[in-house]
Amino acid sequence: MTDHLPSLATPYRTHTCGELRATDADAVVRLSGWVHRRRDHGQLIFLDLRDRHGITQVVIDRTDSPDAHEEASRVRPEFVVSVSGTVALRLPGTENAKLPTGAIELQTTAFEILSEAKTPPFYINDPEAPVDESVRLKHRYLDIRREPMQQRLLLRSRMVQAIREVHHRNGFVEVETPTLIKSTPEGARDFIVPSRLQPGSVYALPQSPQQLKQLLMVAGIDRYFQIARCYRDEDLRGDRQPEFTQLDLEMSFVDEATVTGFVEAMAIEVSAATAPDRPLLQVPFPRMTFEEAMDRFGSDKPDIRFGMELMDLGPALRGPDGAPASGFVVFDSTLAAGGQVKAIVAPGMAGVTRREMDELTERSKRFGAKGLAHLAIEPGGEVKGPIVKFLSAETQRAIVDRSGATEGDLILIVADTADTTADVLGRLRVELGDRLGLADPDVLAYVWVNRFPMYHWDEDNHRWDATHNPFSGVLPEDEALLVTASGDPADPSPDDPAGRARALQYDLALNGWELGGGSIRIHRRELLERSFLLQGQTADGMREKFGAVLDAFDYGAPPHGGIALGIDRWAMIFARQTNIREVMAFPKTQSGTDPMLEAPSVPDAGQYEELGLRFVGLPDKKA
Ligand code: ASP
């Protein structure tokens, strides 16, 4: 990307602060920017003048320009100044190879202070200086002046530009959808906005443009995309914000391969434009089913930059008749109860200390396991660990063989239900992979995961709940499963065939993060109604929540599908960050506040009054 465009000249500057080179020597120029640093040598004052394009050294000589020198002697860091003068080659030996403008300096003839600055609450000119995040957010406009934030916002801008270009080139229409709408559930709480013109009623801010983009398909738009702002009122984490941005797209007359094929090509182009120095692990992106991802990685967003896959120890623990026979009661009873015993191998960790092991066990318990067994393969091949005494030499060998461990490795074993085993080992794998430096930080490892279950059982509400999106289609061969054992879709139970149905849902993961997901949708009204019934919707509830889509499907709906990718998360990974706030210009804090604008805030008295509202406080939570 070129940052040095001649068209950036304005009445205040002939060039930017990053533009001048040795070939510009003797040119008469004018620059404007912020004072990055000032060095006062009496006769000579040196200023580093900064704008977002770079830094240029300015020299003010008392003899040559006494007025300019007097003005310049007043300036402090972050003053905004304008300097006119002549470009001169720096004296041999005083060039600065670190600066693109380091071969020259500006010899000042005229100097003007455009704006003065208080001493900032943190150093703008020291990108390494640690600054408390609350101070950065309070003065975000100063934080963004610093190089790291500036670079990240530029990266994000390049990324969105590339996204737009690829979509336009591929026949997509960019459509803006409203943000004052009706609830579009994506599994979070809605933000609501009271209506003044319709007292007593509210708009909901979109959790996503899901229904609107499907309506655009019914409207014949064919290929839609939007850089869409979404709002979800949920507890915040490092990779979540109450408002965030999605690349939202939808396509008509497509199957899963058409959508994922386009998205994959688009992602490859966007990666190359945004992070050209980061190699892709594998192209075409690997694809695996949800079942395979859980089985091998214990996660539906696997980080495939390293191995350490989950190994099923079952066959090593059973006797010739297939019955559990390891001799260790925890393993045997888990297998007898239909559970799983699985392991991961931590390379080179056989020398783990007792304290480290206690810490790993504690962690596993926090993840939901009852415990964590381990076997260390000592140099020489001897197997050690507290459970060794329960296992025959043969069983030990079988475990080591199945796990693939070699001398110096540590085998970590969880015995539990299939879900818990996968989840705990999946999380341990990521932690250890990180700790042992197994994942190449430069590589971008995209992976598709598909064939998710349509529903999971919602115990509390006694209904099936969509695992992803209530509009997701079902695999054609599983359509017959969208029924209940009772025969009445409104009377579901956990053993219904519906629990085995697989959705036409696909997720894209990147380096262990879920980048986004989408699906081929149900486009037939009666099938959508059946799916909604299984999800506990009454006929009235359906009309109330999804009436527009159901009605629209009566007027000719094309087969369609789409996806949404998290723009903030994507930019975060490109920028090698682990917190999306680092790639957002003005994010909220962990408690959902903006310390700079001081939002949210108490409304003016009149604002509530116009809406017919009064704040009566919240019920006492402890009661
Ligand atoms: N609306 C979905 C979401 O926001 C994405 C999709 O299915 O297109 O997660």
Side-chain angles (χ1 to χ4, degrees), residues 133 148-149 151-164 166-167 186-188 206-210 225-249 260 263-264 266-275 278 280-281 285 293 297 299-305 426-427 430 433-434 439 441-449 468-469 505-519 562-590 592:
E133 199 189 12
M149 267 313 292
Q151 289 306 327
R152 292 197 284 270
L153 291 187
L154 292 177
L155 173 145
R156 184 175 172 141
S157 168
R158 279 201 307 275
M159 171 180 147
V160 173
Q161 182 187 350
I163 289 173
R164 285 208 158 93
V166 182
H167 281 79
E186 293 280 356
Q207 293 187 31
S208 83
Q210 182 65 34
F225 87 102
Q226 179 178 197
I227 307 295
R229 191 58 63 83
C230 305
Y231 305 83
R232 298 183 191 177
D233 189 2
E234 51 196 351
D235 294 332
L236 308 187
R237 292 196 309 238
D239 62 335
R240 281 205 189 142
Q241 280 275 302
E243 56 178 310
F244 58 95
T245 312
Q246 279 187 351
L247 160 60
D248 194 48
L249 67 97
T260 57
V263 172
E264 183 162 328
M266 184 268 302
I268 291 169
E269 255 194 82
V270 170
S271 303
T274 313
R278 314 254 324 248
L280 301 182
L281 181 74
F285 301 166
F297 300 98
S299 167
D300 60 359
K301 43 181 193 305
D303 188 345
I304 57 164
R305 286 174 300 172
R427 292 187 204 214
V430 169
D434 193 36
D442 286 333
V443 162
L444 296 171
Y446 291 93
V447 52
W448 287 107
V449 178
H468 282 75
N469 187 312
Q505 167 80 31
Y506 34 80
D507 278 8
L508 185 59
L510 172 55
N511 291 4
W513 299 88
E514 182 191 329
L515 197 56
S519 60
I563 197 168
L565 304 181
I567 292 275
D568 313 283
R569 216 174 269 182
W570 208 359
M572 173 191 90
I573 298 169
F574 283 143
R576 301 169 189 275
Q577 299 296 307
T578 52
N579 188 321
I580 57 172
R581 294 196 291 273
E582 295 295 355
V583 292
M584 300 175 97
F586 300 109
K588 310 267 186 296
T589 62
Q590 206 74 9

Non-hydrogen atoms of Ala585 and Leu153 that approach each other most closely:
N-CD2, 3.9 Å
Is the shortest side-chain heavy-atom distance between Val447 and Phe285 below 4.5 Å?
no
Determine, stepwise, if the pair Thr245 / Val160 fulfils side-chain contact (heavy atoms from CB on, under 4.5 Å).
CA-CA 11 Å; Thr245 312; Val160 173; over 6 Å; no
Listed partners of Asp568 passing salt bridge (Lys or Arg N to Asp or Glu O under 4.0 Å), at least two apart:
Arg156
Between the side chain of Ser271 and the main-chain N/O of Ala267, is any donor-acceptor distance below 3.5 Å?
yes
Output for pair (Phe225 CZ, Leu565 CG), nearest 0.5 Å, gives 12.5 Å
Nearest heavy-atom approach of Asp248 to Pro209 is OD2-CG, 3.3 Å
Nearest heavy-atom neighbours spanning Met572 and Thr578:
SD-C, 3.5 Å
Who pairs with Arg427 by side-chain contact (heavy atoms from CB on, under 4.5 Å), at least two apart in sequence or on another chain?
Phe367, Asp423
Is it the case that the side chain of Arg278 and the backbone of Phe574 share a donor-acceptor pair, with hydrogens and angles ignored and the cut-off at 3.5 Å?
yes
Between Ala439 and Asp303, what is the shortest heavy-atom contact and its length?
CB-OD2, 4.2 Å
Output for pair (Leu510 CG, Leu281 CG), nearest 0.5 Å, gives 10.5 Å
Do any N or O atoms from the side chain of Asn511 and from the backbone of Val443 form a donor-acceptor pair under 3.5 angstrom?
yes
Pair Val449-Glu514, side-chain contact (heavy atoms from CB on, under 4.5 Å): steps then yes or no:
CA-CA 10 Å; Val449 178; Glu514 182 191 329; over 6 Å; no
Test your reading of the model: is there a side-chain donor-acceptor pair from Arg569 to the backbone of Leu515, 3.5 Å cut-off?
no
dist Leu155:CG -> Arg576:CZ (nearest 0.5 Å) comes out at 10.5 Å
Using modelled atom types and a 3.5 Å cut-off, is there a donor and acceptor pairing between side-chain atoms of Gln241 and backbone atoms of Arg581?
no
CD (Glu269) and OG1 (Thr274) are apart, to the nearest 0.5 Å, by 10.5 Å
Trace of the side-chain contact (heavy atoms from CB on, under 4.5 Å) decision for Val430 with Ser299
CA-CA 10 Å; Val430 169; Ser299 167; 6.0 Å; no
From CA spacing to verdict: side-chain contact (heavy atoms from CB on, under 4.5 Å), Val263, Leu249:
CA-CA 9 Å; Val263 172; Leu249 67 97; 4.3 Å; yes
Between the main-chain N or O of Val270 and the side-chain N or O of Arg158, is there a donor-acceptor pair closer than 3.5 Å?
no
Does Ile573 reach the side chain of Leu444, with side-chain heavy atoms less than 4.5 Å apart?
yes
What's the shortest heavy-atom distance between Asp507 and Gly517, and which atoms?
OD1-CA, 3.4 Å
Nearest 0.5 Å, please: how far is CD in Gln246 from CD in Gln226?
9.5 Å
Just by distance, do the side chain of Arg229 and the backbone of Glu243 share a donor-acceptor pair under 3.5 Å?
no
Is there side-chain contact between Glu582 and Pro587, with heavy atoms separated by less than 4.5 Å?
no
Is the shortest side-chain heavy-atom distance between Ser519 and His468 below 4.5 Å?
no
Nearest heavy-atom approach of Phe244 to Met584 is CA-CE, 4.4 Å
Under the ring pair (Phe, Tyr, Trp, His ring centres under 6.0 Å) test, which residues partner Tyr506, sequence neighbours left out?
none
Taking Gln505 for its side chain and Gly518 for its backbone only, find out whether a donor-acceptor pair lies under 3.5 Å.
yes
Does a sphere of radius 6.0 Å around CG in Asp442 hold more than 12 heavy atoms from other residues, nucleotides or ligands, not counting ones at 6.0 Å or beyond?
yes
When rounded to the nearest 0.5 angstrom, what is the spacing between NE2 in His167 and CG in Leu247?
4.5 Å
